[in-house]
Participant: 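Handing you this structure, nothing more for now.
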Amino acid sequence: VPQHVWRINLDTPEEAHQNLSFGAADRWWEQTDLTKLILASNKLQLLSEDVKLLPALTVLDVHDNQLTSLPSALGQLENLQKLDVSHNKLKSIPEELMQLSHLKSLLLQHNELSDLPDGFGQLVNLEELDLSNNHLTDIPTSFALLINLVRLNLACNQLKNLPADISAMKSLRQLDCTKNYLETVPAELASMASLEQLYLRKNKLRSLPELPSCKLLKELHAGENQIEILNAENLKHLNSLSVLELRDNKIKSVPDEITLLQKLERLDLANNDISRLPYTLGNLPQLKFLALEGNPLRTIRRDLLQKGTQELLKYLRSKIQDDGPSPNEEPPVTAMTLPSESRINMHAITSLKLLEYSEKQAAVIPDEMFNAVRSNPVATVNFSKNQLTAIPARIVELKDSLCDLNFGFNKISSISSELCMLHKLTHLDIRNNFLTSLPEEMEALTTLQVINLSFNRFKVFPGVLYRILALETILLSNNQVGSIDPLQLKKMEKLGTLDLQNNDLLQVPPELGNCENLRTLLLEGNPFRTPRAAILAKGTAAVLEYLRSRIPT
């Protein structure tokens, strides 16, 4: 940077020494101090400490240069509101930068930053912060102090988790975490009431976050993850959602509660494992774009998929049973009352075929819930997040229609014979209970495809599961299972996902490698020596190949 640029506020202009008759435009002594300096797209390798001679700067733009560091004198530009140092080669940020208390926009994307100063939270007036395309592995906890931040971009870094403190950013409207290594999202994110756009694409998420307080969330992008199950819980609070993008995951079914998303305009479910759709999808009043290609849909012909969204919605509407409201009628205002708002939601029972009594801390399910069902065929029951110690006996009354049953997060210690009579059951979620075993009678559940037994107290792999041959997904993480029988697993030809993370497996039998139908095998967090972590990290196909190579010949 030429020296006279830094001295522009100080030096008398050249012409002042010759020309003595000044027009109004040339009255140099009335000049104001420089407020904006744009040095973008040059070849600067260094920014001089003389930048401090321009204390009135509000905007400094040096993006697209070759800077490897920034001068500490930047900290003296106390009027600076916008600093753009993106597209350089910065490896660190000087602590002094944290003194810029009026800074509103800080753009640091496309550099080589691997960490950030702890004092980041001092930039309390920051409204926009872009840190995308760096090498960050974690975020300073002081981020929690950035309570005026509206846009935060962390895309394309190496983040394995987000600090729970991020939820203190009460003004945040846009959060972009695309292309990191996130396996979960902190539960606290659920309380970010201002959030409107959330980008979680290209991570390692296994489920969608539950976002009960994000009432303003308009866009949720979670494509290219490893999401298998789409829960009613994930959807029912997102009343403002207009874009839901879940392409390239492993989702097997779409819950009927998708119809609660009355403002949905774009729904992208391409390239998943979805075999059937709720026909009520056709009733979403605003839906303009629906992508379903790349799914093993049994009920919808391929040529129909190519005719576009409107034709598809028309077809779905035509399939809705006569018991629902006809597509032309406006649903009554009360139709969207959530279960939490009324004791019994008759609309949910009749139209969504859903019986819900969750998050009530109840020790028993009131009889009036079962009485309300009467002759309505209920397909989904959600009794999760209560204090139940046993399966309610009256569950058997729903045996001719019940497909999806959720008893997660209770205190159930054994499975009753009534549950074993639910012969239409396809999905069973009993995670986070006190189970130690499963009864042999469960063999009668011949249509069961997905069972979630995570966070229970199993010490052995429940033998009855080997005999439920329709099972496609067994989630058994965070138990104390000590061994598995690979020969029995091999007979389960439909089993595609087996999650045994955080158990007590001392060894992995090499014969497990012969279960070639397994597409997802999760074994992290067990005490075995082999296969080593480096092999586990390569993914299921590599693990199975490694195991096969160790089968004694």
Participant: Which residues pass the side chain to side chain contact (heavy atoms under 4.5 Å, CB included) test with Pro186, sequence neighbours left out?
Facilitator: Leu162, Ala164, Glu188
Participant: Consider side-chain hydrogen bond (donor to acceptor under 3.5 Å, both in side chains). Of Asn382, Asn406, Thr380, which one does Glu356 pass it with?
Facilitator: Asn382
Participant: Could you list all the salt bridge (charged side-chain N to carboxylate O under 4.0 Å, His left out) pairs where at least one residue sits in residues 381-400, not counting sequence neighbours?
Facilitator: Glu210-Lys385, Asp367-Arg394, Arg394-Glu397
Participant: Below 3.5 Å, can you tabulate the donor-acceptor pairs from side chains in residues 511-526 to any protein atom, sequence neighbours excluded?
Facilitator:
residue : atom : partner : partner atom : Å
Asn517  : ND2  : Met492  : O            : 2.8
Asn517  : ND2  : Glu493  : O            : 2.9
Arg519  : NH2  : Asp273  : OD2          : 2.5
Thr520  : OG1  : Lys250  : NZ           : 2.9
Asn526  : OD1  : Asn503  : N            : 3.0
Asn526  : OD1  : Asp504  : N            : 3.3
Asn526  : OD1  : Leu505  : N            : 3.1
Asn526  : ND2  : Leu500  : O            : 2.9
Asn526  : ND2  : Leu523  : O            : 2.9

Participant: Using atom types as modelled and distance alone, determine if a side-chain donor or acceptor of Asp256 lies under 3.5 Å from a backbone N or O of Thr280.
Facilitator: no
Participant: Got Pro392 and Phe407 here, is their nearest side-chain heavy-atom distance under 4.5 Å?
Facilitator: yes
Participant: Using a strict cut-off of less than 4.0 Å between a Lys/Arg side-chain nitrogen and an Asp/Glu carboxylate oxygen, indicate whether Glu128 and Arg151 qualify as a salt bridge.
Facilitator: yes
Participant: Just by distance, do the side chain of Asn433 and the backbone of Leu435 share a donor-acceptor pair under 3.5 Å?
Facilitator: no
Participant: Taking all heavy atoms of Asn180 and all of Leu159, pick out the closest pair and write down the distance.
Facilitator: OD1-N, 3.0 Å
Participant: Can you list every pair that meets salt bridge (charged side-chain N to carboxylate O under 4.0 Å, His left out) and has a residue in residues 406-417, with sequence neighbours left out?
Facilitator: none
Participant: Which residue, Leu261, Leu238, Leu269, Leu217, forms the side-chain contact (heavy atoms from CB on, under 4.5 Å) with Leu244?
Facilitator: Leu261
Participant: Begin from the C-alpha positions of Leu453 and Asp429 and carry the test side chain to side chain contact (heavy atoms under 4.5 Å, CB included) through to its verdict.
Facilitator: CA-CA 7 Å; Leu453 299 165; Asp429 187 344; over 6 Å; no
Participant: Look up atom CG in Asn478 and atom CG in Asn456, then write down how far apart they are to the nearest 0.5 Å.
Facilitator: 10.0 Å
Participant: I'd like to know whether Val243 forms a side chain to side chain contact (heavy atoms under 4.5 Å, CB included) with Leu264, so could you lay out the CA-CA distance, the side-chain angles of the two residues, the decisive distance to 0.1 Å, and finally the verdict.
Facilitator: CA-CA 6 Å; Val243 177; Leu264 206 57; over 6 Å; no
Participant: Decide yes or no for Leu352 and Pro255: does some side-chain heavy atom of the first lie under 4.5 Å from some side-chain heavy atom of the second?
Facilitator: no
Participant: Suppose the criterion is side chain to side chain donor-acceptor pair (under 3.5 Å): which pairs have a residue in residues 153-171, not counting sequence neighbours?
Facilitator: none
Participant: Heavy atoms, side chains only, cut-off 4.5 Å: are Asn231 and Leu208 in contact?
Facilitator: no
Participant: If you compare all heavy atoms of Phe289 against all heavy atoms of Thr309, which two are closest, and at what distance to 0.1 Å?
Facilitator: CA-OG1, 3.5 Å
Participant: For Phe409, enumerate each residue passing the ring-ring contact (aromatic ring centres under 6.0 Å, His included) test, keeping only those at least two apart in sequence or located in another chain.
Facilitator: none
Participant: Measure across Asn249 and Leu246 and return the closest heavy-atom pair with its distance rounded to 0.1 Å.
Facilitator: ND2-O, 3.0 Å
Participant: Rounded to the nearest 0.5 Å, how far does OG1 of Thr446 lie from CD1 of Ile468?
Facilitator: 9.0 Å
Participant: What is the distance from atom OG of Ser253 to atom CD of Glu228, rounded to the nearest 0.5 Å?
Facilitator: 11.5 Å
Participant: Does Asp130 use its side chain to pair, donor to acceptor, with the backbone of Ser132 at less than 3.5 Å?
Facilitator: yes
Participant: Would a distance-only check, ignoring hydrogens and angles, find a side-chain to backbone donor-acceptor pair under 3.5 Å from Tyr357 to Pro366?
Facilitator: no
Participant: Mind checking ring-ring contact (aromatic ring centres under 6.0 Å, His included) for Phe458 and listing every partner two or more places apart, or none if nothing turns up?
Facilitator: none
Participant: Under the rule for side chain to side chain contact (heavy atoms under 4.5 Å, CB included), what residues qualify as partners of Ala232, not counting sequence neighbours?
Facilitator: Glu257
Participant: Between Glu183 and Lys204 (salt bridge meaning N to carboxylate O under 4.0 Å), is one present in this structure?
Facilitator: no
Participant: Output the distance between atom CG (Asp176) and atom CZ (Arg201), rounded to the nearest 0.5 Å.
Facilitator: 10.0 Å
Participant: Which residues satisfy the side chain to side chain contact (heavy atoms under 4.5 Å, CB included) test with Asn271, sequence neighbours excluded?
Facilitator: Arg247, Asp248
Participant: Mind listing the closest non-hydrogen atom pair of Ile415 and Cys420 along with its distance?
Facilitator: CG2-SG, 4.4 Å
Participant: Within the side chain of Thr447, is there an N or O that forms a donor-acceptor pair under 3.5 Å with the backbone of His423?
Facilitator: yes
Participant: Under 3.5 Å, side chain of Asn410 to main-chain N/O of Asn386, donor-acceptor pair present?
Facilitator: yes
Participant: How about Lys424 and Leu402: do any of their side-chain heavy atoms sit closer than 4.5 Å?
Facilitator: no
Participant: Could Arg431 and Phe455 be counted as a cation-pi pair, given that NZ or CZ must be under 6.0 Å from the ring centre and within 45° of the axis?
Facilitator: no
Participant: Between the side chain of Asn479 and the main-chain N/O of Ser477, is any donor-acceptor distance below 3.5 Å?
Facilitator: yes
Participant: Could you tell me which non-hydrogen atom of Lys538 sits nearest to which non-hydrogen atom of Ala542, and how far apart they are?
Facilitator: CB-CB, 3.6 Å
Participant: Does His427 reach the side chain of Gln449, with side-chain heavy atoms less than 4.5 Å apart?
Facilitator: yes
Participant: In chain order, what residues pass the salt bridge (charged side-chain N to carboxylate O under 4.0 Å, His left out) check against Glu311, with sequence neighbours excluded?
Facilitator: Lys314
Participant: If you look at every heavy atom in Pro278 and Ile258, which pair is closest and at what distance?
Facilitator: CG-CG2, 4.1 Å
Participant: Could you walk me through whether Val450 and Thr426 satisfy the side chain to side chain contact (heavy atoms under 4.5 Å, CB included) test, starting with their C-alpha distance in whole Å, then the side-chain angles of each, then the deciding distance to 0.1 Å, before giving a yes or no?
Facilitator: CA-CA 6 Å; Val450 177; Thr426 59; over 6 Å; no
Participant: Can you tell if the side chain of Ile474 reaches within under 4.5 Å of the side chain of Asp499, non-hydrogen atoms only?
Facilitator: no
Participant: Side-chain contact test, heavy atoms from C-beta onward, threshold under 4.5 Å: evaluate it for Phe434 versus Ile412 and give yes or no.
Facilitator: no
Participant: Distance from Asn239 atom CG to Leu260 atom CG, nearest 0.5 Å?
Facilitator: 7.5 Å
Participant: Test of understanding: with ring-ring contact (aromatic ring centres under 6.0 Å, His included), list the residues that count as partners of His221, not counting sequence neighbours.
Facilitator: Tyr199
Participant: Is there side-chain contact between Leu475 and Leu498, with at least one heavy-atom pair below 4.5 Å?
Facilitator: no
Participant: Find the distance between CD (Glu265) and CD (Gln286) and round it off to the nearest 0.5 Å.
Facilitator: 6.0 Å
Participant: Holding to side chain to side chain contact (heavy atoms under 4.5 Å, CB included), I want the full list of residues that pass it with Ser483, two or more places apart in sequence or in another chain.
Facilitator: none
Participant: For Arg206, I'd like to know if atom CZ has over 12 heavy atoms of other residues, nucleotides or ligands within 6.0 Å.
Facilitator: yes
